[in-house]
Amino acid sequence: MNGPIAVVPDSRPVMHQAFAGAVRDAGGGVAASAADLAEARAIVWADPYVPHRYPEVVASVPAVEWVQLPYAGIEPFLDYLDPRLVWTCAKGVYADPVAEWVMAALLMGLRDFHLFASADSWCAESGRNLLGARITVLGAGGITRALLRLLEPWGCQVTVVRRTAEPVQGAARTFSLADVHQAVAGADAVVLALALTDETRHVVDAALLKAMGPQCWLVNVARGGHVDHGALGAALRSGVIAGAVLDVTDPEPLPDSSELWGLQNCVITPHIGNTREMGLPLITNRVRENVRRWLAGEDLLGLVDVALGY
């Protein structure tokens with residue numbers, strides 16, 4: 001593909017510079033003027049915090065055919081997805097660091113580190129092994145594939161829940177989302193690593209929490225909207241489940257007034273499964289590779305299914 005590539009907007013200079021450098025490294029030219037933008041057939045979006053600017057920006061790039069988004073989750077851009085364009089995102093880019101966070105969350109919850117970290121005197125011993133544990137993962141994307149590799153030495157019995165029951169390599173069982181209650185029954189931990197859609201919003205409600213059981217930890221590294229926070233708070237207070245580790249909440253940041261902050265069996269981290277510092281080199285590499293593929297006419301990585309919204 002010929003023509004300059006629009007790296008826009010420029011409101012986040014560090015990301016803009018990294019992406020512009022990646023475009024040049026891949027052999028592309030960066031649009032530097034209004035005339036260049038008018039000829040650009042590709043956009044690399046360089047500030048994930050201003051999705052509302054998309055209509056304004058895309059109006060200056062009338063010939064656009066492909067849009068590269070910087071995050072794996074594309075919810076802020078759902079209203080702008082144009083089926084006439086090719087859309088790619090960071091799907092799979094952040095899988096390894098996020099899966100690493102999940103491992104830390106599983107070990108912390110099952111080993112009761114949350115209790116020991118807040119103790120001010122010697123505690124009674126407690127905790128369970130991750131070895132041989134029953135883990136159910138909702139989602140079958142890059143995070144789940146990375147997590148399956150990390151869990152393999154622990155000999156865990158892993159169940160995966162996805163849109164269909166098509167088997168996932170490395171999982172002992174695969175269920176469709178329609179059978180999610182059966183999939184979580186008896187699990188030692190349930191990990192959320194799926195896309196947020198109308199179908200999956202509040203997939204974790206009071207009924208699913210009850211199906212998990214009092215031995216189960218909920219680990220959410222996907223989106224806060226997957227969980228009914230009111231139902232979760234009630235379940236944590238009453239012992240319906242053992243605990244929760246949340247890297248994502250709804251809303252974010254989680255307000256100081258949320259009851260979840262005061263629950264000893266709820267651990268909240270500030271969306272650090274993949275930090276900006278960790279993530280920038282990873283997404284820059286994806287931009288570089290996709291620009292190379294675009295220029296060579298090859299298939300792009302991280303394609304978005306516009307109909308499904310992820």
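Keep in mind the model is a prediction, meaning the values are calculated, not measured. Residue indices begin at 1 and follow the sequence shown.
Distance alone, capped at 3.5 Å, is enough to place a donor-acceptor pair between the Asp188 side chain and the Arg134 backbone. Under a 3.5 Å cut-off, the side chain of Thr136 and the backbone N or O of Ala183 do form a donor-acceptor pair. Although no hydrogens or angles enter the test, the distance criterion places no donor-acceptor pair under 3.5 Å between the side chain of Asp179 and the main chain of Gln182. Using modelled atom types, no side-chain atom of Arg162 and backbone atom of Phe175 make a donor-acceptor pair closer than 3.5 Å. For the pair Asn285 (side chain) and Arg288 (backbone), a donor-acceptor distance under 3.5 Å is absent. The backbone N or O of Ile272 lies less than 3.5 Å from no partner atom in the side chain of Thr275, so there is not a single donor-acceptor pair. The backbone N or O of Val57 sits less than 3.5 Å from a side-chain atom of Ser60, completing a donor-acceptor pair. When atom types are taken as modelled, the side chain of Asp247 and the backbone of Gly273 share a donor-acceptor pair closer than 3.5 angstrom. With Gln215 contributing its side chain and Ala187 its backbone, the two residues share a donor-acceptor pair below 3.5 Å. Of the possible polar contacts, one joining the His226 side chain to the Leu194 backbone as a donor-acceptor pair under 3.5 Å is found.
Put simply, the side chain of Leu303 reaches to within 4.5 Å of the side chain of Val86, judged on heavy atoms. Between Thr197 and Leu308 the shortest side-chain heavy-atom distance does not fall below 4.5 Å. At a threshold of 4.5 Å between non-hydrogen side-chain atoms, the residues Cys266 and Leu246 count as touching. Looking only at side-chain heavy atoms (C-beta outward), Phe113 and Leu107 stay at 4.5 Å or farther from each other. Phe77 has its side chain within reach of Trp45: a pair of non-hydrogen atoms, C-beta onward, lies under 4.5 Å apart. Here the side chains of Val67 and Leu69 are in contact, with some heavy-atom distance below 4.5 Å. Side-chain contact check for Leu110 versus Trp217: some heavy-atom pair is nearer than 4.5 Å. Residues Leu254 and Leu260 form a side-chain contact, since some pair of their non-hydrogen atoms from C-beta on lies under 4.5 Å apart.
Of the residues listed (Asp250, Val203, Leu192, Leu208), the one engaging Val227 in a side-chain contact (heavy atoms from CB on, under 4.5 Å) is Leu192, and it is the only one. No option in Leu151, Val245, Leu150 other than Leu151 meets the side-chain contact (heavy atoms from CB on, under 4.5 Å) test with Leu106.
Listed here is the closest heavy atom pair of Ala26 and Leu295: O-CD1, 3.5 Å. Among all heavy-atom pairs drawn from Pro48 and Pro70, the shortest one is CB-CG, 3.8 Å. Between Tyr310 and Ala195, the shortest heavy-atom distance links the atoms CG-CB, 3.6 Å. Of all heavy-atom pairs between Pro9 and Ala46, the closest is O-CB, 3.5 Å.
Residues Asn290 and Arg293 have side chains that never bring a donor and an acceptor to within less than 3.5 angstrom of each other. A donor-acceptor pair shorter than 3.5 Å can be found between the side chains of Glu252 and His271. In summary, the side chains of Arg237 and Asn265 do not present any donor paired with an acceptor at a separation below 3.5 Å, with no hydrogens or angles considered.
Ionic pairing of Arg149 and Asp96 is present here: one or more N-O contacts between side-chain nitrogen and carboxylate oxygen are shorter than 4.0 angstrom. Ion pairing between a basic and an acidic side chain is recognised when a charged N comes within 4.0 Å of a carboxylate O; Arg53 and Glu56 show such pairing.
In this view, Glu298 and Arg292 satisfy the side chain to side chain donor-acceptor pair (under 3.5 Å) rule, not counting sequence neighbours. The ring-ring contact (aromatic ring centres under 6.0 Å, His included) check on Tyr80 picks up Tyr54, with sequence neighbours excluded.
More than 12 heavy atoms of other residues, nucleotides or ligands shown are found within 6.0 angstrom of CD on Glu259.
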CA sep, side-chain torsions, deciding dist, call: Leu232, Ile241, side chain to side chain contact (heavy atoms under 4.5 Å, CB included): CA-CA 9 Å; Leu232 175 61; Ile241 64 170; 3.9 Å; yes

Evaluation steps, side chain to side chain contact (heavy atoms under 4.5 Å, CB included), between Leu130 and Cys156: CA-CA 7 Å; Leu130 178 58; Cys156 296; 3.9 Å; yes

Steps toward side chain to side chain contact (heavy atoms under 4.5 Å, CB included) verdict (Arg24, Val30): CA-CA 7 Å; Arg24 296 187 185 98; Val30 177; 4.0 Å; yes

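In this structure, CD1 in Ile283 is found 16.0 Å from CE in Met278, a value given to the nearest 0.5 Å.
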